[in-house]
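Protein chains get the first letters and strands the later ones, always in sequence-line order, with residue 1 at the start of each.
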There are 2 protein chains.
Amino acid sequence: MEHSKKTTIHDIAERLNVTASTVSRALNGNPRISDNTRKAVLKAARELDYEPNQIASALRSGRTQLIGMLVPTINRAFFSSIIRGVEEVANSLDYRVIVSQSNEIFENEENAVKAFLNARVDGIIASIGKNTEHFNHYKQVLDRGLPLVLFDRTTPKLQTGQVVIDDYQGAYMATTHLIEQGCERIVHFTSERKIDIYKERYRGYVNALQDHGIEPNHSLVFSGNLQLEDGRKHAEQLIQGKVDFDAIFSASDYAAMGAMQVLKENGLKVPDDVALVGFLNEPFTSFTDPPLTSVNQFPIEMGQTAANLFFNALNSDKKKIIPKKTVIQPELIVRASSLRTAP
Amino acid sequence: MEHSKKTTIHDIAERLNVTASTVSRALNGNPRISDNTRKAVLKAARELDYEPNQIASALRSGRTQLIGMLVPTINRAFFSSIIRGVEEVANSLDYRVIVSQSNEIFENEENAVKAFLNARVDGIIASIGKNTEHFNHYKQVLDRGLPLVLFDRTTPKLQTGQVVIDDYQGAYMATTHLIEQGCERIVHFTSERKIDIYKERYRGYVNALQDHGIEPNHSLVFSGNLQLEDGRKHAEQLIQGKVDFDAIFSASDYAAMGAMQVLKENGLKVPDDVALVGFLNEPFTSFTDPPLTSVNQFPIEMGQTAANLFFNALNSDKKKIIPKKTVIQPELIVRASSLRTAP
DNA sequence: TTGTACGCGTTATCAA
DNA sequence: TTGATAACGCGTACAA
């Protein structure tokens, strides 16, 4: 069977003895049209199985109904959840999402943005790569008057919409929680990279200590890549160095997990000997033994927020976009790894 | 600053005193053009900062360089990894991926496919929803001569490219492994749903038992939703019913995890009292205590394979697409939950 | 090797 | 309220 030629607005126009412009107006809800013709057009469209050609529409109108979305890694729970949030909002507004990943490589990031522009997306939602220091590709987006929303990994160098969580607050809550559990010598795992989010978590840790009358101790702060192996290494150093500590607040669940393994291997009880708190609320945190207390970043909500900022920008007068920064409040999810039995 | 009008092939043509068609040919690697003009065009294009308008190109050529990708849930490790695999291959061939999720709702699935068609994607890669029983929306895709590749959740009712893993083989390996560890009364957790993949895993379990001279015992098979809670329930039944068993092979890591929790709560040792094997190789499996043996489905490779099938179909003579089914061999990843110390 | 001419399907502008 | 016409930017017969 030959697949029949797709029907266009001209086919509908011909059948109704009107012109294509009339059909177009009827289909787009243009008010300057009579009720009768509108109904006739819609009926004919249904009967002829008409499907609008968005490409033609995009060429003419300049709007593709596409959002370019760039993440470092698609298959990480945090990012895929953000994509999910964006997709939900976008779909409900009849927009589609194109995803690309940078794998933290600057060149990929540049190329992805360029590809998005070639595809004539209506705007971009992105998290910038760890190694990104130049922002010309993003500036091009803004120069073209397209909405750009950054999430999680942002930069003050771009005047545009941003969505982040309050890392300071998350760390402050985590540290305070440990103090309230009776911990006094609290270790912190942080990152070597001078990224804002880790600096903020460190600041939250320090301030929580000070606010509770505990003097921060530099020898309790460990810097690394925050992966599982780093957590293991730090914990081994703590044990071998016979450091006196009763809790660990790690800026990443992975490093916390590594520490938990080493602690248990050395016969230390979590949480009674060492209480443990991570950050990210990765899905695995509820499956560890004991389950790991962590800081929830609400990634789906973060994606929804980013999408909302995006559409606000899209619908506002282009010359009056006020770069808006939305800060999401994190939540401490207390699990057994930090809950001490009352003394 | 006004953002300057985007340059088109006409701008390049004007500058070089040639026509737009010449420029188009030069840009597209058409051989019917002199070396000199080609170089001149490329040079001018660079100088004028020319960026091709893919929308115009798509309207004219009928190819959008877009793939529609439909998954049940974006933020699950298995699916996001598949998206990653598809994205990698697609990007390398200058294609982009539009993602949508069905959330296992049939209507969403239909709408997503329709939206993809309206966006004039060059084809679709999809995993069908659990509750999908009609396939007209997919048939439309095929009727239009567009490539369609199904992965993981497929159906014999559609004559098109498919990528699945060998569920039978995965289950067979898992069960055999448990037998080799000395287990003889092996419980199986399966799904109530009559989906092929669970039937295959059940078949692999049964055949492995029989091939090793163990008679399958119906009272050791538990059917549910394979979520964590189901695993807990099954394990509680096993213990309360004083069932004699020494291993569990679960068709899902989540149910295996639930069972592990209950076993430990009841003082049973994993793996020495009960050896445990899951299925999916979810990221959390390496973080449980003990780490959970599981069956790896190679999701990234699955995505790459799906993308390769897609591009093969795209580039082949449309009338001669041979519906090809690719079966990926899974891998048993042995971790401590099933490794018994030698007796 | 290059130019001419047209069309892809839609929307915007202007006129009626 | 509707029609006629052009244009969005590109690719491709066909002719030269």
**Q** May I ask you to test the B:Q162-B:F151 pair for a side-chain heavy-atom distance under 4.5 Å?
**A** no
**Q** Residues from residues 24-43 of chain B sitting under 4.0 Å of DNA chain C, heavy atoms only?
**A** B:R25, B:R32, B:I33, B:S34, B:T37
**Q** For DNA chain C, which residues of residues 49-58 of chain B approach it to below 4.0 angstrom with any heavy atom?
**A** none
**Q** Taking salt bridge (charged side-chain N to carboxylate O under 4.0 Å, His left out) as the definition, give me every residue that meets it alongside B:E47, ordered by chain and number, with sequence neighbours left out.
**A** B:R15, B:K43
**Q** B:T22 side chain N/O closer than 4.0 Å to the phosphate oxygens (OP1, OP2) of C:dG3?
**A** yes
**Q** Rounded to whole angstrom units, what separation is found between the CG atom of B:N17 and the C1' atom of C:dT2?
**A** 13 Å
**Q** Separation of A:R63 atom CZ from C:dT10 atom P, in whole Å?
**A** 15 Å
**Q** In whole angstrom, give the distance that lies between atom CG of B:L16 and atom P of C:dT2.
**A** 11 Å
**Q** Name the one of A:I125, A:I124, A:V121, A:I98 that satisfies side-chain contact (heavy atoms from CB on, under 4.5 Å) with A:I67?
**A** A:I125
**Q** Under 3.5 Å, is there a donor-acceptor pair between the B:S24 and B:S21 side chains?
**A** no
**Q** Give the rounded distance in Å between these two atoms: CD1 of B:I9 and C1' of D:dT12.
**A** 11 Å
**Q** Can you tell me the distance, in whole Å, between the CD atom of A:E14 and the P atom of C:dG9?
**A** 14 Å
**Q** So, for A:L309 and A:V163, which heavy atoms are closest and what is the spacing to 0.1 Å?
**A** CD1-CG2, 3.7 Å
**Q** When the distance from NE2 of A:H10 to C1' of D:dT2 is rounded to whole Å, what number comes out?
**A** 15 Å
**Q** Rounded to whole Å, how long is the line connecting atom NZ of A:K6 with atom P of C:dG7?
**A** 19 Å
**Q** Would you please name every residue forming a side chain to side chain contact (heavy atoms under 4.5 Å, CB included) with B:N136, sequence neighbours left out?
**A** B:K139
**Q** Enumerate the salt bridge (Lys or Arg N to Asp or Glu O under 4.0 Å) contacts for residues 89-101 of chain B, please, sequence neighbours excluded, ordered by first and then second residue.
**A** B:D94-B:R96
**Q** Considering only residues two or more places apart or on different chains, which pairs with a residue in residues 118-131 of chain A satisfy side-chain hydrogen bond (donor to acceptor under 3.5 Å, both in side chains)?
**A** A:T64-A:D122, A:Y95-A:D122, A:N131-A:R193
**Q** B:F106: which residues meet the ring-ring contact (aromatic ring centres under 6.0 Å, His included) condition with it, sequence neighbours left out?
**A** B:H137
**Q** Specify the angle, to 10°, made by the local axes at the two ends of the helix from C:dT1-D:dA16 to C:dA16-D:dT1 when five pairs are taken at each end.
**A** 30°
**Q** In terms of the nearest nucleotide of DNA chain C, which residue is placed more toward the 5' end: A:R60 or B:L59?
**A** B:L59
**Q** Which pairs pass salt bridge (Lys or Arg N to Asp or Glu O under 4.0 Å) with one or both residues in residues 99-111 of chain A, sequence neighbours excluded?
**A** A:E104-A:R153
**Q** Considering just the side-chain nitrogens and oxygens of A:T19, establish if one lies under 4.0 Å of OP1 or OP2 belonging to D:dG3.
**A** yes
**Q** For DNA chain D, what residues of residues 115-122 of chain A have any heavy atom nearer than 4.0 Å?
**A** none
**Q** Taking only residues two or more places apart in sequence, or in another chain, which ones meet B:F79 in a ring-ring contact (aromatic ring centres under 6.0 Å, His included)?
**A** none
**Q** Please list every donor-acceptor pair under 3.5 Å in which a side-chain atom of residues 299-308 of chain A meets a protein atom from a residue at least two apart or in another chain.
**A**
| from | atom 1 | to | atom 2 | distance (Å) |
| --- | --- | --- | --- | --- |
| A:Q304 | NE2 | A:E88 | OE1 | 3.1 |
| A:T305 | OG1 | A:E301 | O | 2.7 |
| A:N308 | ND2 | A:Q304 | O | 3.3 |

**Q** Which pair of heavy atoms, one from A:A313 and one from A:S316, lies closest together, and at what distance?
**A** O-OG, 3.0 Å
**Q** Under a 4.5 Å cut-off applied to non-hydrogen side-chain atoms, are B:S100 and A:E87 in contact?
**A** yes
